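Residue numbers start from 1 in every chain, and the chains themselves are labelled A, B, ... in the order their sequence lines are given, proteins ahead of strands. In this text the structure is predicted, and so the values were computed from the model without any measurement.
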Amino acid sequence: MKFGVVIFPGSNCDHDCYYSIQAVTGKPVEFIWHQETSVQGFDAVVLPGGFSYGDYLRTGALARFSPVMQAVKAFAEQGGLVIGICNGFQILTEAGMLPGALMRNSNMKYICKFLKLRTATTDTPFTNRMSADQILNVPIGHGEGNYFADEETLKRLEDNHQVVFRYLENPNGSLHDIAGIVNSKRNVLGMMPHPDRSSDPLLGSTDGRLIFESMVNALAGARG
Amino acid sequence: VIRQGKHFDVHLAESTSPERGKELVQKLAKDVLTNPVIEEFRIVWEQNS
């Protein structure tokens, strides 16, 4: 079972993800340079936080043109686990792998702080280790985390239980307090909060571990 | 009313035909420069004299 962490030009949480996943799961982790055209051999792919390509046009807008994204898309279509954290979530929406978009925070400011998330569904490969409605202490660090989607899309997300995490106290104006969603096949998760910054007791919380442990659990199950 | 937005100047090679140019700029605006989920765009075409 092998995890891959993609490095885009401007990624800055790549090492956080690498360290957390390795420390939490004990599984091998490798970096994947964005120019790679294959993710063969990996069981899960992480799109880390940061400011890919400087995020000048829109957050995550250019990263979707990186060669590796074609491979990540194909990997997801075959059922591979993909998790996008923060900038990774923004990239997944820009790439059309998750619906909606992340707009500027409603207060127009960058927000960096710990906050509480409610687990909205345990029926995903990323939350199978949580209990229903479990509250997680996980930090955010973003200027564009204000989740937006049209009414129809929101209804579909709610009806299919694709909202995975909600903020207890909405920091950024996200519709339906959305902090994280999965695609309809439930194998692609995008979330603004950072499990990679809440997997070591030194950082104040280890609740983020549950996500990586759930992924291992799901992958172990998939292998029988 | 005050609206905030982005403005892109796109300069095409003189050899590009107006039809091809409009097609290219439309595609660029739609696929890259804007996100249709949250943005809309308008193209203003100017001919250099």
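By the 4.5 Å heavy-atom criterion applied to side chains, B:V32 and A:L57 are counted as neighbours. The closest side-chain heavy-atom distance from B:E39 to A:M103 is not below 4.5 Å.
Here the shortest heavy-atom pairing between B:V37 and A:A101 reads CG1-CB, 3.9 Å. Between B:N35 and A:R58 the shortest heavy-atom distance is CB-NE, 3.4 Å.
Summarising the local packing, NZ of A:K113 is surrounded by 12 or fewer heavy atoms from other residues, nucleotides or ligands at distances under 6.0 Å. Other residues, nucleotides and ligands contribute at most 12 non-hydrogen atoms within 6.0 Å of the OH atom of A:Y19.
Between A:T93 atom OG1 and B:I38 atom CD1 the span is 8.0 Å, to the nearest 0.5 Å.
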